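Here's the structure, in structure tokens; my notes come after.
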Amino acid sequence: MRDSYLDEFFTFLRFPSVSTDDAYKEKLVECGQWLVEKLKRIGLEAQLVSTPGHPIVWAKNKHQPGRKTVMVYGHYDVQPPDPLELWDSPPFDPVLKNGYVFARGSTDNKGQILAHILGIQEMLGENGDLPVNLHLIVEGEEEVGSGSLPGFLKEHRDSLGCDVVVVSDTGMVARGVPTLSYGLRGVTACEVKVTGSKMDLHSGVFGGAVANSITALARLLATLHDENGHIAIEGFYDDVNPLEDWEREAWRKLPIDADKMILEETKAPALFGEKGYTTFERLWARPTAEINGIGGGYQGQGTKTVIASHAMAKLTFRLVPNQDGDKILKLVHRHLEKHLPPGVTMEIADGHSGPWYLTDPHSKFGEAAQRALKQAFGKEVALIREGGSIPIVSQFRDILGVETLLLGLALHDCRAHSPNENFPLENLENGIKMNQAILREIGGGKS
Ligand code: BES
Ligand code: MN
């Protein structure tokens, strides 16, 4: 791999492009501008398109009639680096250690999108052209729900017409095992606030006479699941498609011990999940209800004898075919209202949501993707679904009428969204090969 690749990777990683926090707004613009300049240098036409949120990078080659058109999609925004004290090196000051680059965004998604860009760069350098017509879209709002991208796709629907979308923003089932993901879970979010008294109260003077908002919230949240990990919201599973026999079989045969891998990686004392399903089935084909954050009352040093006026929790639900995000939120509201303990009031604010995705790994383009993966990694391809979400993928189908190939390079222990996120150079290298192979395969074997 060329030395310049590592320099460019580091430059890309030094932009603190945290999309959720307004303090970084300018940094996202700078990162987008850097990408546009980079893409122009390798011979593409590129522009930065402003949106009500963060700008979108849009690049293309010279399109020629009679060729397939491919859209490559990725994101340059990253999750917040917090908690900072748990990083071994600063999150926006990348370092290379034992073949791994450590920095926020190294895997999710800068390393993966850079592999596309470098693959394209090499092909253009060697042949002066690509085997396909290309649109490259790199957005800055994926980690906050891709709010502006549907509008952009609708506005430019005609110019963005394509045959298929290619995305590297998912996982490899294990190191060195090329992986085609044919499904993603959806996600929907809400925030709950429970209020007891109008103000914080002395717990000696008022304790026993008014409801404690934190106790009420804890009891309410405990009604979301039964003791077997099954979600207890009425109607929640009504639209869940049962697993197909072929999938159950195929996932059993994957060359990975998921339970061992997760226990080792997470250091959890034991696995826990819905009874009656294997770990892969729970992760890829079953929905979840998660409490992502909880707050209320005194959290400083020592004790404070207080009854807190309010308590809050942030909830998200991962969704699977055929659940509908809006319908699920209605069921959640109804459940929470029904189970709210006495003596408190509640407000619920709905958050962003994105649908699940499921496609056929054996379609014409799915087969092309499998051949490209096999060429790049020299091994049999694993076909999996994913537990994570990329909300825009279902919009590619709805707005542009095309399917998406998910050829991810993220390893299980990449620490995406966590401290010490990392990406192995081995995957950058194989990713560059894979990206050339997929364009060749879609282009019909010509280079
Ligand atoms: N790259 C991930 C999605 C992902 C993670 C796919 C793991 C497969 C395996 C993406 O950047 C992401 O984190 N998406 C968010 C979406 C949400 C903020 C709407 C997610 O899944 O939480
Ligand atoms: Mn992410």
Side-chain angles (χ1 to χ4, degrees), residues 17-21 53-54 73-82 91 103-116 137-150 166-174 179-191 258 261-262 265-266 279-280 282-285 287-290 292-293 314-320 325 328-329 350-359 382-395 404-419 421-423 427 431:
S17 45
V18 179
S19 49
T20 198
D21 185 341
H54 304 300
Y73 161 85
H75 62 96
Y76 66 85
D77 65 320
V78 300
Q79 289 270 326
D82 316 67
R104 167 58 82 236
S106 52
T107 283
D108 187 7
N109 176 244
K110 289 177 173 173
Q112 299 188 76
I113 191 68
L114 188 65
H116 278 292
I137 303 291
V138 193
E139 71 151 319
E141 298 183 42
E142 194 275 343
E143 298 291 4
V144 288
S146 298
S148 305
L149 197 52
V166 173
V167 177
S168 294
D169 194 22
T170 47
M172 292 172 70
V173 75
T179 304
L180 178 65
S181 303
Y182 58 92
L184 295 162
R185 285 196 288 192
V187 63
T188 191
C190 68
E191 199 168 317
M261 182 167 75
I262 292 177
E265 164 63 12
T266 63
T279 295
F280 280 144
R282 289 169 177 171
L283 289 173
W284 298 341
T288 65
E290 298 290 357
N292 305 118
K314 289 178 185 280
L315 311 182
T316 54
F317 302 83
R318 293 281 168 180
L319 309 176
V320 299
I328 290 297
L329 278 181
D350 293 344
H352 60 67
S353 73
W356 46 264
Y357 182 68
L358 193 62
T359 189
L383 301 182
I384 69 165
R385 294 205 225 166
E386 286 283 3
S389 310
I390 308 177
I392 200 65
V393 167
S394 72
Q395 309 253 11
T404 298
L405 302 170
L406 299 158
L407 311 99
L409 300 168
L411 295 187
H412 208 260
D413 52 0
C414 68
R415 304 272 170 106
H417 298 202
S418 294
E421 180 175 352
N422 61 84
F423 189 62
N427 280 13

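All ligand and atom numbering here is 1-based and tracks the order in the structure. In this text, all values refer to a predicted model and were calculated from it rather than measured experimentally.
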Task: Within-cut-off N or O pair, H352 and ligand 1, under 3.5 Å - done: no
Open item on the list: Would the distance check show the side chain of D108 and the main-chain N or O of H417 forming a donor-acceptor pair, the cut-off being under 3.5 Å?
Closed with: no
Task: D169 side chain vs G74 backbone, donor-acceptor pair below 3.5 Å - done: no
Task: Residue, atom name and distance, where the atom is the protein heavy atom closest to atom 22 (O) of ligand 1 - done: R318 NH2, 2.9 Å
Open item on the list: How far is atom 16 (C) of ligand 1 from the closest protein heavy atom, and which atom is that?
Closed with: S389 O, 3.5 Å
Task: H75 to ligand 1, any heavy atom closer than 4.0 Å - done: yes
TODO: Give the contacting part of V144 toward ligand 1: side chain, backbone, both or neither, where contact means a heavy-atom distance below 4.0 Å.
DONE: neither
Open item on the list: Just to confirm my output: which protein heavy-atom neighbour is closest to atom 11 (O) of ligand 1, and how far is it?
Closed with: E142 OE1, 2.8 Å
- [ ] For the pair T170 (side chain) and G408 (backbone), establish whether a donor and an acceptor sit closer than 3.5 Å, ignoring hydrogens and angles.
- [x] yes
Task: Backbone of R185 reached by a side-chain donor or acceptor of S389 within 3.5 Å - done: yes
Task: 4.0 Å heavy-atom contact, Q79 with ligand 1 - done: no
Task: Any side-chain heavy-atom pair of E290 and R318 under 4.5 Å - done: no
Task: Passing option when S146 is tested against E139, H75, E141 for side-chain hydrogen bond (donor to acceptor under 3.5 Å, both in side chains) - done: E139
Task: atom 5 (C) of ligand 1: the protein heavy-atom neighbour that sits closest, reported with distance to 0.1 Å - done: G388 CA, 4.0 Å
- [ ] Output yes when the distance from some N or O of ligand 1 to some N or O of T170 is under 3.5 Å, and no in every other case.
- [x] no
Task: Short side-chain to backbone donor-acceptor contact, H54 and S19, under 3.5 Å - done: yes
- [ ] Starting from atom 18 (C) of ligand 1, locate the nearest protein heavy atom and write down its residue, its atom name and how far away it is, to 0.1 Å.
- [x] E143 O, 3.5 Å
- [ ] Could you tell me whether the side chain of R385 reaches within less than 4.5 Å of the side chain of L358, counting heavy atoms only?
- [x] yes
Open item on the list: Please determine whether E143 has a backbone or side-chain N, O or S atom lying under 2.8 Å from the Mn ion (ligand 2).
Closed with: yes
Task: Sub-4.5 Å side-chain heavy-atom contact between T404 and Y73 - done: no
TODO: Among all protein heavy atoms, pick the one closest to atom 9 (C) of ligand 1 and tell me residue, atom and distance.
DONE: E386 OE1, 3.1 Å
TODO: Examine all N, O or S atoms of D108, backbone included, and report whether one is under 2.8 Å from the Mn ion (ligand 2).
DONE: yes
TODO: State, with a plain yes or no, whether a side-chain heavy atom of L411 is found less than 4.5 Å away from one of T107.
DONE: no
TODO: Please write down residue, atom name and distance for the protein heavy atom closest to atom 6 (C) of ligand 1.
DONE: D169 O, 3.5 Å
Task: Close approach, D108 and ligand 1, non-hydrogen under 4.0 angstrom - done: yes
- [ ] Return yes when P391 approaches ligand 1 closer than 4.0 angstrom through a heavy atom, no otherwise.
- [x] yes
